[in-house]
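The structure appears right after this line, and notes come after that.
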Amino acid sequence: MTFKKIFCALCCGSLLLAMAGCSENKSTVAPAESNSGQTTTAAKVTTKVTQTGSIGENAEMADVEIKINNVYKSEYFGSQDGVLSKVFFLDVTIENNTDRDIDTNMLTSFDFEVDGVLHDSATLYAIRCAKLQFGNDVNLFAETIKPGKSQTGCIPAELPNNFEKVTLSFLPLGGAKGGGDTSKAIVYTFTKDEPEELAKPDSSDKTENTETKTENSEE
């Protein structure tokens with residue numbers, strides 16, 4: 001056997017051994033936990049506990065009692081992202097049976113879904129309309145509710161003028177906007193024709209006209 005043949009035989013043997021090694025360990029990428037020394041854990045799944053509420057009836061969850069006395073459709077129109085909107089008012093009574101203060105305002109504890117899509121209902125325009133409708137002293141739940149106490153007030157919401165169904169969630173532990181726990185919710189639904197129509201008070205018309213004249217004069 002010549003030197004050239006011997007050299008070729010040795011090369012073939014080395015190649016076969018290398019291929020055999022690869023067949024035993026097909027993956028050349030080490031798992032993340034091997035590099036970091038940490039094991040991978042599954043993400044924690046939080047189950048949302050919901051309870052169906054009815055307008056005009058008491059409901060209780062997490063030691064917080066709520067009664068949506070009525071839902072009103074006002075005569076105040078606005079615009080959100082170029083879409084005609086209307087302001088709705090919720091007449092609400094909330095009782096705190098916990099051992100701590102709770103926030104229950106429009107930003108922290110009430111989420112509105114319009115036709116299945118979460119909607120930004122807590123607008124400055126909605127607050128302004130509530131004050132025009134009920135006066136500047138209207139209770140918008142700006143103050144926390146003390147343990148053992150209750151409050152009755154207004155939750156204003158600016159919603160699209162035309163919708164099929166609104167799903168309202170009351171979050172007794174506080175919503176995500178307030179850094180609260182969204183795992184519990186009392187859920188209400190209503191269609192566009194169910195809220196009671198509420199006419200503007202005469203004073204609000206005068207106030208709006210005065211504000212419009214003032215804005216025009218400043219321009």
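Model, not experiment: these values are computed from the prediction.
- Other residues, nucleotides and ligands place no more than 12 heavy atoms under 6.0 Å from the CD atom of E143.
- Minimum interatomic distance between N96 and T98 (heavy atoms only, all atoms of both residues): OD1-OG1, 2.6 Å.
- Minimum interatomic distance between Q51 and E60 (heavy atoms only, all atoms of both residues): OE1-O, 3.2 Å.
- Note: F170 and F110 meet the aromatic proximity criterion, with ring centroids under 6.0 Å apart.
- Side-chain contact between L159 and K86 is absent, with no heavy-atom pair separated by less than 4.5 Å.
- If you check the side chains of T191 and D193, you find no donor sitting under 3.5 Å from an acceptor.
- Between E95 and N58, the closest side-chain pair of non-hydrogen atoms is not below 4.5 Å.
- Counting all heavy atoms, side chain and backbone alike, P172 lies closest to M61 at CB-O, 3.7 Å.
- No cation-pi contact links K73 to F88, judged by a cut-off of 6.0 Å to the six-membered ring centre and 45° from its axis.
- Residues F89 and S74 come closest through the heavy atom pair CE1-CB, 3.5 Å.
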Does S54 form a side-chain contact (heavy atoms from CB on, under 4.5 Å) with Y188? I'd like the steps, not just the answer. CA-CA 6 Å; S54 298; Y188 301 81; 5.6 Å; no

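- Looking at residues two or more places apart in sequence or on another chain, you find no side-chain hydrogen bond (donor to acceptor under 3.5 Å, both in side chains) involving S169.
- Here D111 contributes atom CG and L168 contributes atom CG; the two are 8.5 Å apart, rounded to the nearest 0.5 Å.
- No side-chain heavy atom of P195 sits under 4.5 Å from any side-chain heavy atom of Y72.
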Check the pair L84 / F77 against side-chain contact (heavy atoms from CB on, under 4.5 Å), numbers first and verdict last. CA-CA 7 Å; L84 185 66; F77 287 94; 4.1 Å; yes

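- Note that CG of D103 and OG1 of T108 are 5.0 Å apart. Values are rounded to the nearest 0.5 Å.
- Here the straight-line distance linking atom OG of S183 with atom CG of L171 works out to 9.0 Å at 0.5 Å rounding.
- Sorted by first and then second residue, the pairs that involve residues 149-168 and meet side-chain hydrogen bond (donor to acceptor under 3.5 Å, both in side chains), not counting sequence neighbours, are S85-E158, T93-T152, T123-E158, N139-Q151.
- Contact check for P147 versus D101: side-chain heavy atoms found under the 4.5 Å cut-off.
- R100 contributes atom CZ, which lies 11.0 Å from atom CD1 of I145 (distance to the nearest 0.5 angstrom).
- Atoms CD1 and CD1, on I94 and I66 in that order, are 4.5 Å from each other to the nearest 0.5 Å.
- Residues F190 and V114 share a hydrophobic cluster, clusters being chains of Ile/Leu/Val/Met/Phe/Trp/Tyr side chains in contact below 4.5 Å.
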Decide side-chain contact (heavy atoms from CB on, under 4.5 Å) for N69 and V92; before the verdict, give the C-alpha distance in whole Å, the side-chain angles of both, and the deciding distance to 0.1 Å. CA-CA 6 Å; N69 304 301; V92 181; 5.6 Å; no

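- Side-chain contact check for Q133 versus Y76: some heavy-atom pair is nearer than 4.5 Å.
- The side-chain heavy atoms of L140 and N105, taken from C-beta on, include no pair separated by under 4.5 Å.
- From L90, atom CG reaches atom CD1 of I55 across 7.0 Å, with rounding to the nearest 0.5 Å.
- Closest non-hydrogen pair, F141 versus C154, comes out as CE1-N, 3.8 Å.
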Full working for side-chain contact (heavy atoms from CB on, under 4.5 Å) between T50 and I186: CA-CA 6 Å; T50 60; I186 302 176; over 6 Å; no

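- Side-chain contact annotation: N97 with D63, donor-acceptor N/O pair under 3.5 Å absent.
- Note: the hydrophobic cluster containing L198 also contains M106 (ILVMFWY, side chain heavy atoms under 4.5 Å, direct or indirect links).
- Contact of the K200 side chain with the L132 side chain is not registered, since no non-hydrogen atoms from C-beta on lie closer than 4.5 Å.
- Counting heavy atoms from C-beta outward, F112 and V166 have side chains that approach closer than 4.5 Å.
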